[in-house]
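Every value quoted in this text rests on a predicted model; they were computed, and no experiment measured them.
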Amino acid sequence: MVWGTEASTTAESVPLRTAVSRHDDGWWRHFAWATDDLPLHARFRLDWRFRAAANNQQQTKETR
């Protein structure tokens, strides 16, 4: 799961104006983000969270 924010010197952080795209390729998951509107002095931050696969979660619960 990936999300991002945009911050500037004159405003608080807001969600990115364009979405982060995702492409699954077998076991690999690729994320990409691009913008055509790049305000002067803007800062962009991307954050992510790792999630365990459903099979791994089920196996962990069964072994306890």
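Residues Thr5 and Arg43 form no side-chain contact, since every pair of their non-hydrogen atoms from C-beta on lies 4.5 Å or further apart. Using a 4.5 Å heavy-atom cutoff, the side chains of Glu6 and Pro39 are in contact. A heavy-atom distance below 4.5 Å is not found between the side chains of Arg17 and Thr35. Taking 4.5 Å as the limit, some side-chain heavy atom of Leu16 sits within range of a side-chain heavy atom of Leu46.
The hydrophobic clustering, which links ILVMFWY residues whose side-chain heavy atoms are closer than 4.5 Å, places Val20 and Trp28 apart.
Within 6.0 Å of the NE2 atom in His30, the count of heavy atoms belonging to other residues, nucleotides or ligands exceeds 12.
Closest heavy-atom contact between Ala19 and Trp33: O-CD1, 3.7 Å.
Ring planes of Phe50 and Trp48: perpendicular class, angle over 60° (limits at 30 and 60°).
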| request: Could you please spell out the steps behind the side chain to side chain contact (heavy atoms under 4.5 Å, CB included) verdict for Arg22 and Val2? | output: CA-CA 9 Å; Arg22 182 179 102 183; Val2 176; over 6 Å; no
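Residues satisfying the side-chain contact (heavy atoms from CB on, under 4.5 Å) criterion with Ser8, sequence neighbours excluded, are Thr10, Ala11.
Checked by atom type and distance alone, the side chain of Ser21 pairs as donor or acceptor with a backbone atom of Ala32 at under 3.5 Å.
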